[in-house]
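All remarks here apply to the structure that follows.
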Protein chains: 2
Amino acid sequence: MPRPAGADQGTTKQRILDIALQLFIEKGYDKTSLREIAERLGYSKAAVYYHFASKDDILGALHLRLHDVLDEAMTGLSQAGTEETWPKLLDQFIDGMIANRDLFVLHERNRAAFEALHMKDHHEEHEDIERQLRRVLADVEIPLESRVRMACSLGAVTLGIMLAGDAFDDVPSDQLASIVRRAIGDLLTPGVFRT
Amino acid sequence: MPRPAGADQGTTKQRILDIALQLFIEKGYDKTSLREIAERLGYSKAAVYYHFASKDDILGALHLRLHDVLDEAMTGLSQAGTEETWPKLLDQFIDGMIANRDLFVLHERNRAAFEALHMKDHHEEHEDIERQLRRVLADVEIPLESRVRMACSLGAVTLGIMLAGDAFDDVPSDQLASIVRRAIGDLLTPGVFRT
DNA sequence: GTCTATATTTCGATAGAC
DNA sequence: GTCTATCGAAATATAGAC
């Protein structure tokens, strides 16, 4: 970060992030060593340390990638009406998850590491997204049933999309997305019409 | 395990597991050292090694606890009808999650560690539960929409219950459970009545 | 069953040459 | 920007006394 930042600089930096992303998913953050990252990169360990101050710094950069995917969807949720805007929010979440599935898998598989990370980064300018969601879900202004259904919808989207490329390997992602959208539509609408 | 197993033996063993469970949730599996476990236990590190062959062994024992909670719910799902039995399965999952919430939180927050663990335990007699679920969700006999909704329901239940004691701290768990049950009921029933 | 050492390994991080 | 070499720390695990 404290580099002058020239023209097409950062290529190696991005390659490191891509490799780390892949390894952190495969083996987990803690069981991935910088030696392995450097090895797959083709450079030495010290080269990695030229681009990143620490291992945590690498995870932090990936966290930022994830954050960038979501924060445009999050803006407007801050203090605006939540129960009405929730479906829109989920819609954008679905898009973000499909376009950047590996970032979400990374987060899902290394929750402990991410939490330990943002403990240290208490100087974070942007409030952590999970914390924001939690705050909304704890808002007593919203009926409990709605809040619980919101939480469920979040989980439904997460697991529904996450299993794409896994159990639903051959299903085109837009088809999967539309099914998930329909499903959470039903989830968020209490079935007063049902028997 | 290779111990003679006397009368009320295993008390210390269980205490270790309880402490490890708590620490693994707080700090994550990898960032928890045996020194910390021993410290909180009041004994030395070597004492812990008397009861467990390795750190992985401790996680393995906790994995077994989790497994025991779920496998009675899983039996009957093996090759039996799945689309019909799915609601029943989720029902039992909800009960299991509420009764043993911390075990599920442990699993959710240390997915990478668990996966790395059951890589080594390839001699596992019981098929891993996640693998079983994945197999059902990949079953082409079941319509895609149903399978996706099953996956979503699984995620909905997980996150819905998991946020209990967190965002829904003061809500009695049975009330929470009934809301979640209603929600996944709607989720699993395609809303043909909606606009 | 629990202790005090200690062995062994590996990892994150740094120094300094190029 | 990348290298070699190394430091220092911390962790898992073991040996052997009690």
Side-chain angles (χ1 to χ4, degrees), chain A residues 1-21 23-24 26-63 110 112-114 116-117 119-121, chain B residues 1-21 23-24 26-63 110 112-114 116-117 119-121:
Chain A
M1 272 117 90
R3 285 299 120 186
D8 54 334
Q9 217 162 0
T11 309
T12 305
K13 199 165 176 161
Q14 296 305 320
R15 273 185 63 215
I16 293 175
L17 287 179
D18 291 337
I19 291 170
L21 172 58
L23 281 172
F24 291 170
E26 285 175 21
K27 317 188 34 169
Y29 173 73
D30 298 276
K31 290 185 183 66
T32 301
S33 68
L34 291 178
R35 197 195 98 261
E36 289 173 286
I37 295 177
E39 224 161 56
R40 195 173 290 199
L41 180 68
Y43 289 153
S44 79
K45 223 174 22 170
V48 176
Y49 272 101
Y50 173 81
H51 293 281
F52 293 95
S54 67
K55 191 185 175 186
D56 283 351
D57 201 31
I58 297 180
L59 190 64
L62 290 173
H63 176 71
N110 296 280
F114 272 98
L117 179 73
M119 288 285 203
K120 299 180 61 175
D121 297 354
Chain B
M1 273 118 89
R3 285 298 118 188
D8 54 336
Q9 215 163 1
T11 309
T12 305
K13 199 163 177 164
Q14 297 303 320
R15 271 186 64 216
I16 293 175
L17 286 179
D18 292 336
I19 292 170
L21 172 59
L23 281 171
F24 291 170
E26 284 175 21
K27 320 190 28 167
Y29 173 73
D30 298 276
K31 289 185 183 65
T32 300
S33 67
L34 290 180
R35 196 195 99 261
E36 288 172 287
I37 295 177
E39 224 161 57
R40 195 172 289 200
L41 180 69
Y43 289 154
S44 79
K45 232 176 8 177
V48 177
Y49 273 102
Y50 173 81
H51 294 282
F52 294 95
S54 68
K55 191 184 175 187
D56 284 351
D57 200 32
I58 297 180
L59 191 65
L62 290 173
H63 177 70
N110 297 280
F114 272 98
L117 179 73
M119 289 282 204
K120 298 180 61 177
D121 296 354

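The chains referred to below are lettered A, B, ... by the order of the sequence lines, with proteins before strands, and numbering in each begins at 1. These numbers come from a predicted model, not from an experiment.
Looking only at side-chain heavy atoms (C-beta outward), Y49(A) and L34(A) come within less than 4.5 Å of each other. For the pair L59(B) and N110(B), the minimum side-chain heavy-atom distance is 4.5 Å or more. By the 4.5 Å heavy-atom criterion applied to side chains, Y50(B) and T12(B) are not counted as neighbours.
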Set out, line by line, the N/O atom pairs under 3.5 Å between protein and nucleotides 15-18 of chain C.
none

Can you check nucleotides 10-13 of chain D for protein contacts, nitrogen or oxygen pairs under 3.5 Å, and list what you find?
{"unit_1": "dT12(D)", "atom_1": "OP1", "unit_2": "K55(B)", "atom_2": "NZ", "d": "3.1"}
{"unit_1": "dT12(D)", "atom_1": "OP2", "unit_2": "L34(B)", "atom_2": "N", "d": "3.1"}
{"unit_1": "dA13(D)", "atom_1": "OP2", "unit_2": "Y49(B)", "atom_2": "OH", "d": "3.1"}
{"unit_1": "dA13(D)", "atom_1": "OP2", "unit_2": "K55(B)", "atom_2": "N", "d": "2.9"}
{"unit_1": "dA13(D)", "atom_1": "N6", "unit_2": "K45(B)", "atom_2": "NZ", "d": "3.1"}

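Partners of D18(A) by side-chain contact (heavy atoms from CB on, under 4.5 Å), not counting sequence neighbours, listed by chain and number: R65(A). Annotation: side-chain contact (heavy atoms from CB on, under 4.5 Å) contacts of A61(B) (sequence neighbours excluded): L17(B), F52(B). Partners of F114(B) under the ring-ring contact (aromatic ring centres under 6.0 Å, His included) rule, at least two apart in sequence or in another chain, are H63(B), H107(B).
Spacing between atom OH of Y50(A) and atom C1' of dG1(D) amounts to 6 Å, rounded to whole angstrom units. L41(A) has its CG atom 12 Å from the C1' atom of dG1(D), to the nearest Å.
Where the helix from dG1(C)-dC18(D) to dC18(C)-dG1(D) starts and where it ends, the local axes point in directions that differ by 10°; five pairs per end, rounded to 10°.
Within the 3.5 Å criterion, the main-chain N or O of D30(B) finds no donor-acceptor partner in the side chain of K31(A).
Taking side-chain N and O atoms only, S44(B) has no distance below 4.0 Å to OP1 or OP2 of dT2(C).
We find that E39(A) and R35(A) are joined by a salt bridge, their nearest charged nitrogen and carboxylate oxygen being less than 4.0 Å apart.
Going from atom CG of L23(B) over to atom CD of E36(B) covers 6.0 Å, rounded to the nearest 0.5 Å.
The two residues L41(A) and I16(A) make their nearest non-hydrogen contact at CD2-CG1, 3.7 Å.
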